[in-house]
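Scroll down for the structure; my scribbles are underneath it.
Numbers restart at 1 for each chain; the letters A, B, ... are given by sequence-line order, proteins then strands.
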Amino acid sequence: MMVVAVSAAAALAVERFPPPDFTDHQLPQTTTPHGRWLGWEYFDMAALAAGLVLASYFALGRRSRKGLVGLATVAMVWLGFWRQGCVCAIGAIQNVSLAVFDPSYTVPLTVIAFFALPLLVTLFFGRTFCAAVCPLGAVQELTLVRPVRVPGWVDQSLGLVPFIYLGAAVLFAATGAGFIICQYDPYVGFFRLSGNAAMITFGICLLVIGLFIGRPYCRYLCPLGAIFGLFSRVSGRHVRIPPDECIQCRLCEDACPYGAIRPPTVPQTPAERARGRRRLGWMLALAPVLVVVGTGLGYTLATPLSLVHREVRLAERMKLEEAGKVEGTIDASDAFRNTGRPARELYTEAIALRERFAFLGGLLGGWVGLVIGMKLVHLSIRRKRDEYSPDPAWCVSCGRCFEYCPSEQQTLIQELPTLEKSGV
Amino acid sequence: MIGIAVVLAVAIGAVAVSRVPRSGDAGSGLPQRFDYDLKTHKTIDPALILYRQAGELPLDLSASRAVAVGPEDRIYVAGDQKILVFDREGTRRSEIALESEPRCLAVGGAGNKEPGRIYVGMRDHVEVYGPDGTRQAVWERLGEKAVLTSIAVADSADEHDIFAADAGHRVVHRYDPSGKRLAEIGRRNREQKIRGFIIPSPYFDLAVTADGLLRVVNPGMHRIEAYTFDGHFEEPLVWGKASLEIEGFCGCCNPANMAAMPGGGYVTAEKGIPRVKIYGADGNFVGVVAGPDVLAPTATITEETREDHKLEVVDVAADSRGRILVLDPAARKVRIFVARNPQMETKS
Amino acid sequence: MASSSDKLDRRQFVGNGVRIAGAIGLGGFVGFLAGRRGSADDTVWQIDPNKCIACGNCATYCVLDESAAKCVHSYPMCGYCELCTGYFEPDPNDLNSGAENQLCPTGAIVRKFVEEPYHEYSIDEALCIGCAKCVKGCNAFGNGSLYMQVRHDRCLNCNECAIAVACPSQAFVRVPASNPYLLKHKGTGA
Amino acid sequence: MTDTTASTSEATAPQVQSLYRIARAVIAVAGVFVVLATILMLWDFSRRQAKDPLESPKYLALKAQLAKDPRNEQLKAEIRELDLLLRRQYFRQRQFTQIGTWLLLGGAVVFVVAAKTAAALRWRPPMPQPQPVPLDHDATLGRRGRWAVVGLALVLSAAVLVLAASCQTELPQTLEASGKTEISAVNQAAAAIPGKSGASTPETPPSGAADYPTEDEMAKAWPRFRGPGGLGISTLADPPTKWNGISDEGVVWKTAVPLPGNNSPIVWGNRVFLSGATEEKREVYCFDTGTGELVWQKEVPGTPQSTAKLPELSEDTGFAAPTVATDGRRAYAIFANGDVAAFDFAGKLAWSRSLGIPKNSYGHAASLSVYQNLLIVPFDQGGTKDGLSKLLALDAATGKTAWEAKRQVPNSWTTPIVIDNQGRKQIVTAADPWVIAYGPADGKEIWRAKCLRQDVGPSPAFGGGTVFVANEFPCLSAIRADGQGDVTDTHVLWEGEDGLPDTSSPLATAEYVFLLASYGTLTCYDAKEGKILWEQEFDATFTSSPSLAGARLYLIGKEGKCWVVEPGREAGKIVAESELGEECVTSPAFQPGRMYLRGKEHLFCIGSK
C-alpha cells in the first residue's frame with residue numbers, strides 16, 4: 001500500500017548547530033510559493049456540473065451539434081490546456097480504487113465529483129459527458145477529419161480492450177503499484193505541450209489515427225468509456241436519431257463515424273431462430289468456462305504483474321545484483337542499502353506482494369474471461385429494432401447524425417422563423 | 001493511403017508505449033557534467049596504508065560519540081548516556097552511567113596529578129568523574145549556545161589544566177582542575193593574527209601535544225593551529241591545507257577529529273570521505289590508517305542525503321603503544337589499528 | 001396493442017428501477033468515499049528531504065520541460081563556509097566564482113560575501129533545473145542545508161507524479177495542500 | 001427541401017470550388033509545416049538527449065587541461081567564456097523547444113481546421129442504394145463479431161502465455177524459514193557484545209542473540225496493562241493497604257502528569273512509564289520510581305496522515321487510552337490516532353510508525369503487550385464487514401510488522417492477554433462475537449469461541465487453564481484453553497449472568513472469578529462450576545479493573561475511593577478503605593511494597609516511605 005511515513009516531525013528531535021554570529025546580517029527565509037488557490041477546485045466542480053447540464057441540454061433538448069462542438073472546444077481549452085489534463089474523470093477511477101483499498105489515502109473532493117457526476121448523468125442521459133465535457137473526447141472529436149468506417153467486428157472485439165484496461169488499472173491502483181491510466185494518457189502531453197518523448201510520440205500517433213478513425217482512444221482504450229457503456233445501456237433519455245418518428249429513409253446509415261448506428265432488424269425464419277437459441281445456449285454455457293480459463297491464465301501472470309510494483313522490482317533487482325547476474329547497482333538498490341534495512345525484509349515483502357498479485361492476477365483473468373463470455377452472449381442475443389437507432393453503449397451523443405435526418409430538417413425549417421426572432 | 005498511415009501510426013504508437021519509462025531505474029539521463037563523483041578520491045593507494053586492523057571492540061551504544069585513552073592504555077568510549085571502560089586488552093571493565101548525553105571526554109594521563117580522572121563534556125558543561133566512576137563535580141553551564149565537542153588535559157608535571165573546545169561559541173575554554181574557568185583561547189584578534197575558529201558544523205577538536213602546546217583544529221580553514229596554554233597564537237607552527245588529495249583535508253571543514261601520537265605527530269579523522277591519516281610532528285603527511293573502504297563500506301552513503309543529516313563521523317585516539325583507536329559509530333565498534341611495519345610506531 | 005403498451009410500461013418501470021437503484025448505489029459509494037476522506041486536506045506532492053538521495057531524476061522525469069523540483073537552501077543550517085562543497089567543484093582551482101570552479105552546471109547558485117570569513121549561498125530558481133548535484137556536494141561534506149523541494153508555483157500536481165514513479169528512494173510523498181513543504185529547519189528553533 | 005439544397009449548391013458552386021481550392025492549399029502548407037516541424041522537434045529532442053551543450057567535450061577537455069595547469073589564467077578565461085556560451089545555448093535550446101511546440105500547435109490547428117473545411121465542402125449527401133432484400137445486419141455482425149472476439153481471446157491468451165514464460169524471476173518462492181535470520185550490521189554488533197565483554201552490568205539485562213527479556217524478568221516487572229500476562233495479579237507484593245492522597249498518608253510521592261491519558265502505569269526496574277496526549281500532541285513519560293521525578297518526556301512524531309485529522313473518540317477514552325508496554329529495552333506506546341512509538345530507556349526514539357487512524361467509535365483503547373521480541377498490537381476497528389480489524393505483531397527492535405492476523409470482528413476495546421496453558425503460549429483476544437486465541441510466534445489462530453456481543457470493553461482473564469470473558473451483554477463465559485478450531489460447543493464450561501462488567505476486566509484465579517460491575521457490585525464466582533459464591537456492594541462506580549496483590553483484592557472507584565478486600569469462599573472482608581483524592585479510571589501497578597496508580601492529574605506511588 002502507499003502508506004507514506006514522513007519523518008518530518010522526527011526532524012524536531014534533531015538539534016541544529018547554530019549558524020555563525022553575524023554582526024548585522026539577517027538570515028534569509030526559504031521561500032515557499034504556494035500552488036493554485038484551493039478555491040479553484042470548487043470552480044472546477046461547478047464548471048463540470050454546468051458542462052454536464054449544458055452537454056445534456058445540447059444533445060437531448062436543443063439537439064444542437066453546433067452547441068456540442070462549441071462546448072467541446074471550451075472543455076478542451078479549460079480542462080485540457082488550462083488545467084493541463086489533471087483533474088480527469090478517467091484517471092479518477094484509480095484514485096477511487098486506491099481510496100477504497102487504502103484508508104490512509106485522501107481522495108480529493110474534485111476527484112470524487114469528476115468520478116461520480118459524469119456517471120450519474122450517463123445513467124440518465126447517455127454519454128453526454130463524452131460528447132462535450134471530456135477534454136480527451138473533445139480533442140478527438142475536433143480532430144476527426146476524414147472518417148473511415150471500421151468494420152463492426154473490429155469494434156466488437158477491440159471494444160473489449162477498455163474492459164481489460166479498466167481491470168488492470170483498478171488492480172494496479174488498488175495495490176499502490178501505480179496509476180497506469182495517467183502514465184499512459186496519450187493526450188496529456190499534448191495539453192501540457194511537454195512530457196516524455198515516448199508518450200508524446202504515442203500521442204501524435206493517436207492524433208494521426210484519429211484524423212481517420214473516429215475517437216480511437218474512446219472506442220478502443222478508454223476504461224471509463226467501458227463503464228459509461230454499461231451505464232448508458234440503461235439510460236432513460238438517450239439521444240435518438242430522428243426527433244420523432246423514423247421514416248426508414250436510410251440516409252443516416254453511414255452518418256456515424258463511430259459505428260454506433262444500428263439498422264432495423266429483419267424477421268428471422270423459425271429455423272434461424274431455433275439455431276440462434278441453441279447458439280445462445282452454448283454461449284451461456286461457455287461463459288463460466290471462459291471465466292475459469294481466464295482465472296487460470298491470470299494466475300500465471302503473478303510475476304509480470306507484480307513487477308509493476310516498485311517493491312517487487314527492487315527486490316528482484318537486489319537479488320540479481322546479489323547473484324552477480326547484472327553489472328553494478330542502480331540508484332534504487334543503492335538507496336535501499338543505505339537505509340540499513342535488512343534485505344530479507346524486502347524479499348519477504350516482495351514475495352508476499354507477488355502472492356497477492358497471483359491472487360489478483362487470477363481475479364483480473366477471471367474478469368477478462370467474464371467480459372469475453374458476456375460479449376459472446378451479447379452477440380448471440382437478438383433484439384428487435386423497428387427504426388435506425390444508436391447503440392447506447394457506443395453512441396457518445398456527438399449529434400452528427402441529427403442533420404442527416406430529414407425529419408430533423410423538417411423541424412428545423414419549421415422552427416426557423418421562431419429561432420430568428422429569438423435572435424439565435 | 002489512409003490504411004497505410006493508420007497501420008504505421010499504430011505500429012509507431014505501440015513501440016512508443018513500450019518505451020515509456022515505468023521507473024527511474026534507467027537513471028536521470030543527465031550528461032556527465034551533472035555527476036558528482038568522488039570515486040577517484042575515495043580509492044587510496046595501498047602503498048600509503050601503513051596500518052592494519054588488529055582487533056575491535058563491539059559497542060552496545062546506539063550513538064557513540066568519543067573515544068579516549070587513559071592510564072595503562074585503558075580505553076574509554078562515551079555514547080548514549082554512559083561511558084564504557086575497557087582495559088588495554090579490550091575486556092570490558094566497567095560502565096559509568098551519565099545523566100545526559102556525553103559529547104566528548106578526556107582522561108587524566110599517567111603524568112597527571114590525578115591520573116584516571118575522567119572529564120566528560122556534555123552539550124554545555126563539563127562533568128568530572130573519579131577513576132572509580134563516582135561523579136566528583138559538575139562544572140558551570142556555558143549557556144544555550146555552547147556545544148562542547150572536545151576536551152584535552154595537560155599532563156605535564158606542573159600543568160594540569162583542562163581545555164574544552166566549544167564549537168557553539170567557537171572558542172576554547174581553559175579550566176583549572178577545580179573547574180574554574182580561567183580564560184578563552186582563540187577568539188578572533190587582528191593584532192595576534194588570530195582569524196578565529198571557523199566551525200560550520202559541530203566538529204571542533206583539540207589536543208595537548210608533548211611539546212606543551214595546545215593544538216586546535218580550525219576546520220573551516222582546514223588547518224591545525226598551535227596555541228600556548230596562555231592563549232598565544234604560534235603562527236609558524238600552523239599546518240594543514242585543503243585538498244581532496246590524500247595529503248590534504250577534504251571538504252568544507254576538516255579534520256573533524258584529531259589526536260596526538262605518543263612519539264609526536266598526529267592522527268586525524270576526516271568526515272565526508274572518511275579517512276584516518278597520520279601526520280608527523282611538523283605536519284608532514286606520513287600515511288593512512290584507514291580509508292572509506294573500511295569506514296564507509298556502503299560506497300554511496302556519503303554523497304546521499306541521510307536521515308536527519310547525521311553524519312557518522314569517526315573519532316580517533318592513540319595509546320602509548322602507538323595503537324590507533326578508531327571509533328566507528330556506524331559499525332558500532334572501536335577498531336584497533338596497529339602499524340604494518342613495527343618500526344613505524346617508534347618512528348612517528 | 002394493450003399488451004405491447006403494457007410491455008412498454010413494464011420495461012420503463014424496470015428501467016426506472018435500475019436507474020434509481022444505480023443512482024442510489026452511486027450516491028452511497030460517494031458517501032462512503034466522502035466519509036473516508038473526512039475533512040482531510042487535499043494533498044500535493046513533496047519531497048521528503050530525509051529520504052531524498054539526490055539522484056537527479058527530478059530534473060528529467062518531471063512532465064514539465066523545466067522541472068518543478070528545485071533546490072532550496074535552509075539558511076539556518078548552513079555553515080556559510082568559504083569552501084562550500086555545494087558550490088565548488090570537489091577540488092576547486094581557486095575559491096572564486098569563476099566558471100571553472102563552480103559545481104552547478106547551469107550556474108544557478110549565487111555566492112555572496114557576507115563578512116569575514118562567511119559567504120552566503122542562494123539559489124537562482126530561474127536557472128535551477130533540479131539536478132541535485134549541489135545537494136550531493138553539500139551532503140557529502142557539509143550540513144545538508146541544500147536540499148530538493150517541489151516548488152508549488154510550478155508543480156502541476158499531477159494525479160500521479162512522474163518523478164514519484166521514477167524516484168529510487170520513494171522520497172515523493174503526498175502532503176496536505178495547506179502545508180505543502182517539508183522544510184528542514186522547520187521547528188528546530190535554530 | 002431537396003430542392004433548396006440543390007439550388008444553393010448550384011448557385012454557389014464556383015464559390016465552393018474556389019474555397020475548396022484554398023482549403024486544399026492551406027492543408028498542403030499546414031500539413032507540410034506540421035510534418036516538418038514535428039520532424040525538426042523530434043530531431044532537436046534526440047539531439048538534446050544525445051548531445052547536451054553542457055556535455056561539450058571541449059569544455060571537459062579544457063577543465064582537464066586546467067587540472068594539469070592550475071595557474072593558467074588564459075585557460076580560465078577560455079573556460080569561462082565557453083561556459084557562458086554553453087549555458088546560453090542550453091537555455092536557448094529549451095526556449096526553442098517551447099516556441100517550436102507552440103508553432104507546431106498552431107500549425108496543427110490550422111491544418112485541422114482547413115482539413116475539416118475541405119471535408120465539409122466536399123461532403124456529398126448520402127445516396128442509399130435501394131436494397132431489394134433488407135440485410136440481416138445483426139446476424140452478420142453477430143457472426144463476425146463472435147469470431148473476432150474469439151480471435152481476440154486467443155491473441156490475449158497467447159500474449160499471457162508468452163509474458164508468463166518470458167518473465168524470469170530471481171526471487172525464490174518462499175524464503176527458507178531458517179533460524180539464522182540475516183541481521184543487519186547494527187544488530188550484529190549489538191548481539192556480539194556479551195560474548196566479548198564477558199561481564200554484564202546490572203543495568204543492562206543480559207542479552208543473547210535474541211534480545212528479549214526472560215519470563216522471570218517479565219514476571220518481576222509490571223510490563224504492561226494489568227501486569228505480567230495481563231492477568232491483574234501480583235504474587236510477590238506486600239502491598240500497602242491504607243493511604244490518603246489528600247493528606248499524603250502512605251504516599252511515597254506524587255507527580256503531576258503533563259498531558260491527560262486514561263492509561264495505567266507500568267514499571268520496569270526503577271522506571272515508571274505513562275503516556276498522555278491531547279489533540280495536538282502525543283507524549284510518553286518516564287518517571288523515577290525512587291523520587292517520582294519526571295526523568296524524560298518525549299513527543300511521539302506523527303505523520304501527515306496520522307495528524308491530518310483527529311480520530312473519532314469519546315471523552316471516556318481520550319487520545320491516550322492504551323497503556324504503554326515495555327520489555328526492559330524500550331517502552332512502547334500507541335495512541336488514538338494509530339501512531340506507535342518505541343523509546344529506549346534513555347528517552348531516545350528507537351522507532352515510530354503510524355498504523356493509520358483507526359475507525360473506532362469511542363476511540364482506540366486496547367493496550368500493547370510484549371511477547372519475547374514482538375510487540376503485540378490489537379487493532380480492532382470499524383464494523384465486522386469493513387474487514388479492518390487485525391492483530392499485529394511488530395518487531396520490537398525495529399517496528400516492522402512481523403505478522404498480522406486479520407480479524408472478522410468490529411471495533412473492540414479489549415487488551416489481549418498472553419497466557420501459558422501447560423506450555424502452550426497463546427494470545428487471547430476478545431471481541432464481538434469471537435474470543436480468539438493466537439499462537440504468539442506466528443499469529444496463527446489456535447481456537448475461537450463465540451461468546452460475546454456488542455461493544456466489548458473488558459479484557460479476558462485466565463486462571464486454572466480456563467479463559468474467562470465477560471461483557472455487559474450477554475454473559476460471563478468460562479472457556480477451557482486447550483481447544484483447537486471453533487470450540488464454542490465443546491469447551492465453554494459454564495456461563496454466568498450476574499454482576500456483568502461494562503469496562504472493568506474480570507479477575508481470575510484457579511479458584512475464583514471476580515467481576516466488578518460499573519455500578520459497584522463485586523461478584524465472586526466459583527471458577528470451576530460457575531456458581532455465585534457471594535456479592536458485595538460498594539458505593540462507587542468502577543472503570544478501573546480489579547487487581548489481586550498478595551491475597552487481597554484492590555478496587556479503585558472512579559471518584560477516588562479505594563477498597564482492599566480479602567476474598568474468601570463465603571464472603572469478602574473489607575480490610576481497608578482509602579481515599580485517593582482525585583478521580584481514577586486506571587488500574588494500579590504493583591511492585592514489592594509499592595503500588596503505582598494514575599489519577600486524573602497525578603501519578604501516585606503508594607507505600608511506606
task: Select one option (side chain, backbone, both, neither) describing which atoms of A:Ile330 are under 4.5 Å from chain B's heavy atoms.
output: side chain
Structural part of B:Ile199 lying under 4.5 Å from a heavy atom of chain A: both
query: Under a 4.5 Å heavy-atom cutoff, which of A:Pro216, A:Ser333, A:Ala198 has the most pairs with chain B?
result: A:Ala198
task: Would you verify whether the NZ or CZ of A:Lys319 falls within 45 degrees of the ring axis of A:Tyr347 while also being under 6.0 Å from that six-membered ring's centre?
output: yes
task: Name the member of A:Gly203, A:Pro20, A:Ala332 that forms the most heavy-atom pairs with chain B at distances under 4.5 Å.
output: A:Pro20
query: What option among A:Arg146, A:Arg317, A:Gln183, A:Arg313 has the most heavy-atom pairs under 4.5 Å with chain B?
result: A:Arg313
A:Tyr217 backbone acceptor or donor facing A:Gln140 side chain under 3.5 Å: yes
Pairing of A:Glu321 and A:Arg337 as salt bridge, 4.0 angstrom limit: yes
field: Top contributor to chain A interface from B:Ser18, B:Ser201, B:Ala5, B:Gly27 [non-hydrogen pairs under 4.5 Å]
entry: B:Ser201
- prompt: Are B:Phe204 and B:Phe197 an aromatic pair by the rule of ring centers under 6.0 Å?
  reply: yes
field: B:Val10 versus chain A, the contacting section by heavy-atom distance below 4.5 Å
entry: both
- prompt: Which answer fits B:Ala167, side chain, backbone, both or neither, if we ask what part of it has an atom under 4.5 Å from a heavy atom of chain A?
  reply: both
- prompt: In terms of heavy-atom proximity below 4.5 Å to chain B, should A:Ile200 be classed as side chain, backbone, both, or neither?
  reply: neither
query: Only one of B:Asp315, B:Val313, B:Leu295, B:Val294 clears side-chain contact (heavy atoms from CB on, under 4.5 Å) with B:Asp328; which?
result: B:Leu295
message: Strictly below 4.0 Å, N to O, side chains only: are A:Arg219 and A:Asp155 in salt-bridge contact?
response: yes
field: Residues B:Glu184, B:Arg174: salt bridge by 4.0 Å N-O rule
entry: no
field: Pick from B:Lys145, B:Arg19, B:Arg170 with the largest number of heavy-atom pairs that fall under 4.5 Å of chain A
entry: B:Arg170
